Amino acid sequence: MNIIELIQDGVIRAVKSLYGADIGAGDITMNSTRKEFEGDFTVVTFPFTRIARKKPDEIAEEMGRFLSREASYIQRYNVIKGFLNLSLSDAFWREFLADIYRNEKYGQQPPNGHKVLVEFSSPNTNKPLHLGHIRNILLGWSASRILEAAGYEVYKVQVINDRGIAICKSMLAWEKYADGATPASTGIKSDHFVGDYYVLFEQKFRAEYKAWQQSDDARALLREWLASKEAVKAEKEQAQKREKAQKELGAKAANGEVVTLNEADFTLETYFFKSFKDTYFNKYSTLGAEARAMLRRWEEGDAATVALWQRMNNWVYEGFNETYDKLGVSFDKLYYESQTYLLGKDMIERGLAEGIFYRKDDGSTWADLTDAKLDHKALLRSDGTSLYITQDLGTAHLRYQDFGVEKMVYVVADEQNYHFQALFEALKRLKEPYADGLYHLAYGMVDLPTGKMKSREGTVVDADDLIAEVVEEARLNSYERDTLAGLTTEEQQAIVNQIGLAALKFFIIKVHPRKRMTFDPKESVDLQGQTGPYVQNAYVRVQSVLRKGGEQALEAASAYEQLEAQERELLSQLYALPELVQTAAAEYDPSTIANYCYDLAKAFHRFYHDYSILNADTEAAKAFRLQLSQAVANALKLGMNLLGIEMPERM
RNA sequence: GGCCCCGUAGCUCAGCGGAUAGAGCAGCUGCCUUCUAAGCAGCUGGCCGCAGGUUCGAGUCCUGCCGGGGUCACCA
């Protein structure tokens with residue numbers, strides 16, 4: 001029995017003995033005592049008023065008297081209104097600390113024999129990784145680590161979208177304009193190199209489109225559309241958009257920014273050509289035709305095309321791996337869409353045979369999910385080719401065959417919530433054995449202080465740039481402080497990396513995944529306050545004390561009486577760690593771990609400031625505080641590692 | 001319009017149905033001859049979007065409304 005269960009048991013006995021009623025542990029409201037009151041745990045006595053027919057404070061008083069008499073682990077109690085604050089005995093805390101301070105695994109659960117797969121990152125291969133991917137990667141990695149700590153055997157995978165029209169655009173642009181240039185010949189990081197050709201394609205295409213807009217064909221189409229009733233609707237929409245833009249403008253102007261409305265954005269012509277872009281690409285564009293031809297050749301297995309595809313994708317992978325290395329993440333297995341996109345058809349056939357799915361007259365296959373409050377979902381095109389969900393069904397099944405996992409977690413942005421609901425529902429209806437263990441770890445988009453990231457407007461924050469920036473900031477700070485003197489350049493660089501990445505990672509992970517977040521680059525490189533480096537600093541302070549203290553015989557701690565309130569506070573926080581890890585795993589929520597680490601670091605910084613460890617009044621106090629510091633450092637290291645953040649020994 | 005998510009201090013975010021709603025940043029003020037000041041302490045700052053309801057007790061649960069976002073493809 002842990003202490004919480006012991007107290008609950010005591011309360012149950014108290015209620016029985018004092019009021020003659022039987023209650024269960026679930027009837028007891030208990031939390032850790034707020035900092036401003038004395039005590040470790042608090043029992044709320046309001047709920048017992050009906051049973052006891054007494055006032056809450058009387059109940060608390062009677063219960064407190066009972067517990068301090070009957071339960072040896074209770075040292076003192078006090079009553080404030082209906083709250084019974086219990087202080088555990090010094091002996092209890094001493095033994096708890098002696099138990100854990102050497103245990104670097106404290107907080108982790110032993111293996112539970114269950115397997116879980118986590119999919120994250122899963123980028124397209126036409127562009128380098130950006131800030132949105134970083135949130136995805138950090139959440140996925142952290143969720144994986146947390147599940148491991150909760151006892152699961154975890155498999156980390158990604159699905160790489162290596163096929164389709166996007167990569168063909170890069171390929172085509174490279175073929176047409178690169179003149180044989182390579183990442184090696186240009187010295188450009190290889191994924192950026194490929195991304196540059198994607199951007200180049202878009203530029204050339206846009207120029208082509210713009211020129212075409214003046215053609216007779218285009219003018220005729222525009223005239224025709226202007227006469228349609230769609231244009232009437234569009235007119236209203238554009239007017240609304242203009243109004244909204246004007247309002248935002250007003251706000252900016254009040255801030256002293258000088259901005260003007262671009263009237264051309266709100267004309268019907270602009271609207272038409274914007275909405276016509278895809279049609280133009282597919283029906284009129286020369287470049288579009290060439291890109292689609294390339295896609296067709298790829299699908300037919302044309303050797304030269306496949307070779308180019310292979311070559312460019314490899315460049316991208318090489319670049320991605322560099323970024324993953326910098327972020328300190330890795331995967332157990334990669335799935336490539338080019339190899340999985342045909343999977344799933346058999347499952348759909350089976351579903352069709354079993355009457356779970358149905359086929360429309362036009363030959364397309366559908367799932368009717370309306371009774372699950374979802375819609376009808378298309379599973380196969382009328383020509384029998386597969387869709388995104390077709391592949392997802394197949395990939396899920398394949399992964400089950402590969403790893404035999406009972407659970408699968410998909411770390412994917414929340415814009416795909418509906419897709420995953422439909423996918424999970426379809427898998428459930430197919431009676432897949434893992435169907436009840438599916439979870440979509442959905443996260444909100446990352447905005448900038450200036451608004452949404454838009455690739456068209458060049459406001460996308462590049463992952464590599466961002467990492468370099470936070471590390472550089474850490475380097476400048478460290479240089480100013482001059483605390484790393486005596487270390488080699490490599491050692492210093494390693495520490496500066498750890499600090500910069502801690503700032504970035506902590507800044508992103510501390511926000512609850514579900515929430516859309518604003519990423520302020522300026523704040524993300526902050527090294528003070530509620531940040532990763534703040535937590536690291538608490539750990540480093542402990543290491544410094546331990547170094548100065550040398551080898552200590554810590555048995556004297558058993559003679560330490562009268563723990564200080566701040567020591568109890570730290571112990572109480574340490575006590576909460578194992579359950580916190582399990583909750584974080586059950587809820588797939590790394591942000592709680594980040595907040596815990598911050599709270600613990602904060603409490604330690606205060607303790608460190610207010611009390612001397614090495615110069616404590618007695619040998620017992622010194623030994624006890626060394627144990628306590630060690631335990632705090634272990635907990636911080638474990639917690640931060642669950643977030644994918646490394647701890648330096650000095651900083 | 002239907003469904004889903006969000007709304008807490010000037011800004012970014014915490015907050016298990018329980019006590020006087022908390023941090024950080026920003027602003028102002030103190031503390032380094034003492035274990036690393038990437039630290040500590042103090043001040044300033046709140047109709048927890050609004051309105052009802054459930055409850056001994058609601059920022060937290062329920063309903064409605066308002067505001068923001070997402071999504072409603074034989075795209076991914």
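Since this is a predicted model, take the numbers as computed values, not measurements. Letters A, B, ... are given to chains in the order of the sequence lines, protein chains preceding strands, and every chain is numbered from 1.
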Which is it for B/C48, anti or syn, if anything within 90° of zero counts as syn?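 Chi for B/C48 falls in the anti range.
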
Both distances below 3.5 Å, Watson-Crick or wobble geometry, any strand: find the nucleotide opposite [N].
N	value
B/G1	B/C72
B/C65	B/G49
B/C35	none
B/G27	B/C43

Would [X] and [Y] count as a close aromatic pair, with their ring centres under 6.0 Å?
X	Y	result
A/Y341	A/Y388	no
A/Y77	A/F83	no
A/Y534	A/H605	yes
A/Y611	A/F607	yes
A/Y588	A/Y439	yes
A/Y19	A/F48	no

Checking all strands, does [X] fall into the base, sugar-phosphate, or nothing category for heavy-atom contacts under 4.0 angstrom?
X	value
A/P449	nothing
A/R514	sugar-phosphate
A/I499	base
A/V511	sugar-phosphate
A/R50	sugar-phosphate
A/N85	base
A/L387	sugar-phosphate
A/M517	sugar-phosphate
A/Y596	nothing
A/N161	sugar-phosphate
A/F37	base
A/K522	nothing
A/T518	sugar-phosphate
A/T42	base

Distance check, [atom1] atoms only: [N] and [M], in whole angstrom units.
N	M	atom1	value
B/C61	B/C75	P	39 Å
B/G67	B/C50	C1'	10 Å
B/U55	B/C62	P	16 Å
B/G59	B/G17	P	13 Å
B/A23	B/G45	C1'	14 Å
B/A26	B/A19	P	30 Å

Does [N] have OP1 or OP2 sitting under 4.0 Å from an N or O in the side chain of [X]?
X	N	value
A/R381	B/C75	yes
A/Y534	B/C25	no
A/R516	B/G7	no
A/K602	B/A14	no
A/R650	B/A38	no

Taking atom C1' of B/G69 as reference, at what distance in whole Å does atom NZ of A/K515 sit?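 So the NZ-C1' distance, A/K515 to B/G69, works out to 14 Å.
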
Is the ring of A/F83 stacked on the base of B/G18, with centres less than 5.5 Å apart and planes under 30° off?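 No; by the centre-distance and plane-angle rule, A/F83 does not count as stacking on B/G18.
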
Check this for me: does any side-chain nitrogen of one of A/R514 and A/D414 sit under 4.0 Å from a carboxylate oxygen of the other?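 Here A/R514 does not pair with A/D414 in a salt bridge, since their nearest N and O are not under 4.0 Å apart.
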
Side-chain ion pair, A/E567 and A/R625, N-O less than 4.0 Å: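 Looking at A/E567 and A/R625, the cut-off is met.
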
When you get a sec, tell me which of [options] is the closest nucleotide to the side chain of [X]?
X	options	result
A/E415	B/A38, B/U71, B/A14	B/U71
A/H605	B/G18, B/G70, B/C40	B/C40
A/K548	B/A14, B/A41, B/C35	B/C35
A/I613	B/U20, B/C35, B/G24	B/C35
A/N31	B/U34, B/A23, B/G18	B/G18

